[in-house]
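The structure appears right after this line, and notes come after that.
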Amino acid sequence: MKLYNTLTRRIDTVKPLQAGRIGVYTCGPTVYDYPHIGNWYTNVRMDTLVRALRSEGLITTWVMNITDVGHLVSDADDGEDKLEKGARREGKTAWEIAEFYTKDFMNGLELLHIGTPDHIVKATDHIKDQIALIQRLDAKGYTYVIDDGVYYDTTKFEGYAAFANLDLDEQQAGARVSFNQQKRHASDFALWKFSAQGKQRDMEWDNPFGNGRQGFPGWHIECSAMSMKYLGESFDIHTGGIDHVPVHHTNEIAQSEAASGKRLAQYWLHSNHVTVNGEKISKSLGNGIRLQDISDKGIALDAVRLNILESHYRSQSKFSWDGLEAAANRLQHWRTIAAQVWQPLAEADSESVLSELTSAAHDIAAALADDLNTPLILSRVDQALSVLEAQAVAAAAIEPLKAFLAYLDTVLGIDLLAANGPLDETISRLIEQRRTARLAKDWAASDKLRDQLQSLGYGIKDLPAGSTQWFRL
RNA sequence: GGCGCCUUGGCGGAGUGGUUACGCAGGGCUCUGCAAAAGCUCAGACACCGGUUCGAACCCGGUAGGUGCCUCCA
C-alpha cells in the first residue's frame, strides 16, 4: 500500500509498526449540526482506506472521534463553543444537541455503507484522559495559565511549524485577526478553557487548573488523548480533512509528541475538499447539501458513494447534481449486469470471462494500493463488466463472478451482489408466463405482464434465442 | 503578505515520454412484434508561449486564469 504522506510530502510505502496490524485514527465530526456532502466525501474516503488495508489482509483498528465539546466557533480560542451555540439556537441543552447530531451522523454512516469504526469515541467520555495529558504537558513545562484557560506554548515545541510548512513570523505579520493579548504567541492554543465568570455552561467539569473554576477541554487535546489511549503513543495512520493540516493536526502533533517524546503517527492522510458549483462549501453560502436533500430528490444514496469514488481523494473535487445523477445511472447499469449472476446461460463461453475477472481483480487491487486511485478502479470495473455484458455468463463462470462482485462490494462498498439476490418465486413465475406468452406471439398478454413486472421493479430483456434476462430497476 | 494546489472533450475524471482510460450526456446504425438501462459505431480535449527530446498531456522555464488554507470549515 502506497499513500501520499502529508508528513513527508511524498508517496510512501506503508510499513505497519507491528507486522500484520495497523492502526488508523480519523478526526470525526463536531456534532453541532447536520453533516454536509463534503463531510461525507471525507468519511467515505477514510472508509475506503480502511477497506483497502483490510483487503490486503492487515488487521486494522479504526478509531474515530466525536467532538461533542470544546470546538470553538473560532480557532483563535475566542468565541463560543459550537455545541453551546447549537443548543441556544435550538433551545436545547448542549448534551441534547450532541446526542441528536451524533445519532444523525451514525445513521449517515450506515446509509453510505461506511463500515462502523472499531471505536467511536466521544470527547466528553474522556475528560479525565485529557486532564491527565494536560498535566503531563504541564510537568514538562509546555503550558502556561492566563485568565481564560491553560495554554500551550508553541515555541517550546521544536519544529512546531514544520508539519504544515508554516512561517509563523510571516503569518503573525499578516494576521487578519487580533488574538487574545495575554497569549504569548499567536500560534499558542488552549488546552483547557475556564467557564466564563458567573456563567454556567451545559458542559463543564471540575479540573485541577482553575482554582475551583469549572471548565472544558480545548478542541485539540481530545484527539491527542484518545488516539494515544486507543492506538498507543505511536501509531500508523492519522487521517482527516485537509483543513486540519495547519491548525488541528499541527497542534495535535505538538501535544502528543511533546508529552510522549515519540512520533505520533507515521503517515498522515488528508482528504481534499469538495466544491459545489465551483464554490467551497460554507455556512455563509448555505450550499451544504445534506443526505436528506439527496433522498428528497429521489436519488438513491448508494449513488453518492459511487459519485465520491469517481474523484481522487487528493484532488479538489466537484459535486454537482448532474454528476450525481450520472453516477446513479452508472450504478444501475452495473447492477443490471450483475443480475446475470442469477441467470447463467449454459451454452455461453466462460474462458474469456474467467480470465477477465482474474485480471480485473488484480488490476483493481493494484490501483487501490497505489494511493487509493479509485477513479482508475471504476474504469477497470467498467471494462470488466462490459465483457460480461457482451457475452452472457456461462454457468461455469457464476461462482467466480459472484466472488468478483463480492470483492467489489467489500472494497468499494457499493452493493452489486448484496443488492442483487435471486428472484423470488412470484417474480420468476411472472417472467416465465410472459416468456411463454411471447413465444406464442400473444403480444397483448406478454406486454401486460411486462408492465406488471416493471411496476414490481423488474426490467426485461429478450435474448435472440427466446430466453429472457431480467434486471432490477 | 505567508504556505499550497489546480488548469485534459458538453460534464465528471484517469493517465508522469511512444496507438489521447473510463463513465454520463450527444450523433449514426442494427437487432426486435414492440420495448429494453440490448448490440455495433461515430464525433469530441490535453489553458497559452518557449525549451529538453527521435518523440511530451506527461520533464524544465515562463505567461494567463482559477482556487485552498492562514477566520468559519471535512
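Keep in mind that the numbers below use all heavy atoms, side chains included, and drop hydrogens, waters and symmetry copies. First the proteins, then the strands, lettered A, B, ... as listed; each starts at 1.
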Can you tell me how far P in B:G66 sits from the matching atom in B:G50, rounded to whole Å? 23 Å
Evaluate side-chain hydrogen bond (donor to acceptor under 3.5 Å, both in side chains) for A:R45 paired with A:T26, printing each intermediate quantity in order. CA-CA 11 Å; A:R45 287 161 169 176; A:T26 295; over 6 Å; no
For A:V274, report the nucleic acid contact type (base, sugar-phosphate, nothing); a contact means any heavy atom under 4.0 Å. base
Of the listed nucleotides (B:C22, B:C24, B:A14), which one gets closest to any side-chain atom of A:S379? B:C22
Return the nearest nucleotide to the side chain of A:K318; candidates are B:A74, B:G13, B:G23. B:G13
Quick note, A:H71 side chain, CB onward, closest among B:A74, B:A21, B:G33 is B:A74
To the nearest angstrom, how far is A:I377 atom CD1 from B:G12 atom P? 21 Å
Provide, to the nearest angstrom, the distance between the NE2 atom belonging to A:H36 and the P atom belonging to B:A74. 6 Å
When you measure from the centre of the six-membered ring of A:W470, is the NZ or CZ of A:K461 closer than 6.0 Å and no more than 45° off the axis? no
Touch class at under 4.0 angstrom, heavy-atom based, for A:A164 against every strand present: sugar-phosphate
Please list, chain by chain and in numerical order, all residues satisfying side-chain contact (heavy atoms from CB on, under 4.5 Å) with A:A326, sequence neighbours excluded. none
Could you list the protein-to-nucleotides 34-37 of chain B atom pairs, N/O on both sides, closer than 3.5 Å?
{"residue": "B:C34", "atom": "O2", "partner": "A:R450", "partner atom": "NH2", "Å": "2.5"}
{"residue": "B:C34", "atom": "N3", "partner": "A:R450", "partner atom": "NH1", "Å": "2.9"}
{"residue": "B:C34", "atom": "N4", "partner": "A:D462", "partner atom": "OD2", "Å": "3.2"}
{"residue": "B:A35", "atom": "N1", "partner": "A:D462", "partner atom": "N", "Å": "3.4"}
{"residue": "B:A35", "atom": "N1", "partner": "A:D462", "partner atom": "OD2", "Å": "3.3"}
{"residue": "B:A35", "atom": "N3", "partner": "A:R450", "partner atom": "NH1", "Å": "3.1"}

Has A:R472 got its NZ or CZ under 6.0 Å from the middle of the six-membered ring of A:Y458, at an angle within 45 degrees of the ring axis? no
Could you pick out which residue, A:S315 or A:N39, lies toward the 5' side of RNA chain B when each is mapped onto its nearest nucleotide? A:S315
Can you list everything that forms a side-chain contact (heavy atoms from CB on, under 4.5 Å) with A:S295? Sequence neighbours excluded, please. A:Q292, A:L301
Is the A:W40 to A:F319 ring centre distance short of 6.0 Å? no
If I take atom NE2 in residue A:H312 and atom C1' in nucleotide B:C22, what distance separates them, rounded to the nearest angstrom? 16 Å
Rounded to whole angstrom, note down the C1' distance from B:A36 over to B:U30. 14 Å
Considering only the P atoms, how many Å lie between B:G51 and B:A57, rounded to the nearest integer? 15 Å
Quick one: label A:F163 by what it contacts on the DNA or RNA (base, sugar-phosphate, nothing), any heavy atom closer than 4.0 Å. nothing
Identify which nucleotide among B:G12, B:C22, B:C69 has an atom closest to any side-chain atom of A:P246, counting heavy atoms from C-beta outward. B:C69
Would the A:W219 and A:H249 ring centres measure less than 6.0 Å apart? no
Main chain of A:D462, side chain of A:R438: is a donor-acceptor contact present, judged purely on distance under 3.5 Å? no
Say we look at B:A25 and B:G65: how far apart would their P atoms be, to the nearest angstrom? 36 Å
Identify, between A:P375 and A:L378, the residue whose nearest nucleotide on RNA chain B lies closer to the 5' end. A:P375
Is it true that A:Y101 and A:Y34 have ring centroids separated by less than 6.0 Å? yes
A:S446 near the nucleic acid: base, sugar-phosphate alone, or nothing, with a heavy-atom cut-off under 4.0 Å? base
Starting at the 5' end of RNA chain B, what dot-bracket string do you get if Watson-Crick and G-U pairs under 3.5 Å are bracketed, crossing pairs use [ ], other-strand pairs use | and unpaired bases use dots? (((((((..(((.....[...))).(((((.......)))))....(((((..]....))))))))))))....
Determine the Euclidean distance between corresponding P atoms of B:A56 and B:U19; express it in Å to zero decimal places. 12 Å
Nearest whole Å is fine: how far is B:G23 P from A:I308 CD1? 21 Å
Whole angstroms only, please: what is the OH-P distance between A:Y313 and B:G13? 16 Å
Apply side-chain hydrogen bond (donor to acceptor under 3.5 Å, both in side chains) to residues A:N272 and A:Y41 and explain how you reach the verdict. CA-CA 9 Å; A:N272 208 329; A:Y41 266 72; over 6 Å; no
Base, sugar-phosphate, or nothing for A:G323, non-hydrogen atoms under 4.0 angstrom? nothing
Which whole-number value in Å describes the distance from A:L306 CG to B:C24 P? 11 Å
Which value, in whole Å, describes the distance between the P atoms of nucleotides B:C58 and B:C48? 10 Å
Is any side-chain nitrogen or oxygen of A:N373 closer than 4.0 Å to OP1 or OP2 of B:G15? yes
I'd like the P distance from B:C11 over to B:U16, given in whole Å. 24 Å
pi-stack flag for A:H273 and B:A74, centroid dist under 5.5 Å, interplanar under 30°: yes
Who are the ring-ring contact (aromatic ring centres under 6.0 Å, His included) partners of A:H126, not counting sequence neighbours? A:Y230
If I pick the P atom on B:G62 and the same atom on B:G9, what distance separates them, to the nearest angstrom? 25 Å
Would you verify whether the NZ or CZ of A:K85 falls within 45 degrees of the ring axis of A:Y32 while also being under 6.0 Å from that six-membered ring's centre? no
Sort me out a list of protein N/O and nucleotides 64-67 of chain B N/O pairs below 3.5 Å, or just none if empty.
{"residue": "B:U67", "atom": "O2'", "partner": "A:Q316", "partner atom": "OE1", "Å": "3.4"}
{"residue": "B:U67", "atom": "O2'", "partner": "A:Q316", "partner atom": "NE2", "Å": "3.1"}

Rounded to the Å, how far apart are A:H249 NE2 and B:G4 P? 19 Å
Looking only at the aromatic ring of each residue, does the gap between the centers of A:H238 and A:Y267 stay below 6.0 angstrom? no
For the pair made of CG in A:L376 and C1' in B:A14, what is the distance, rounded to whole Å? 6 Å
Take A:T124 and A:D68 through the test side-chain hydrogen bond (donor to acceptor under 3.5 Å, both in side chains) and record every step on the way to the result. CA-CA 6 Å; A:T124 54; A:D68 56 355; 2.6 Å; yes
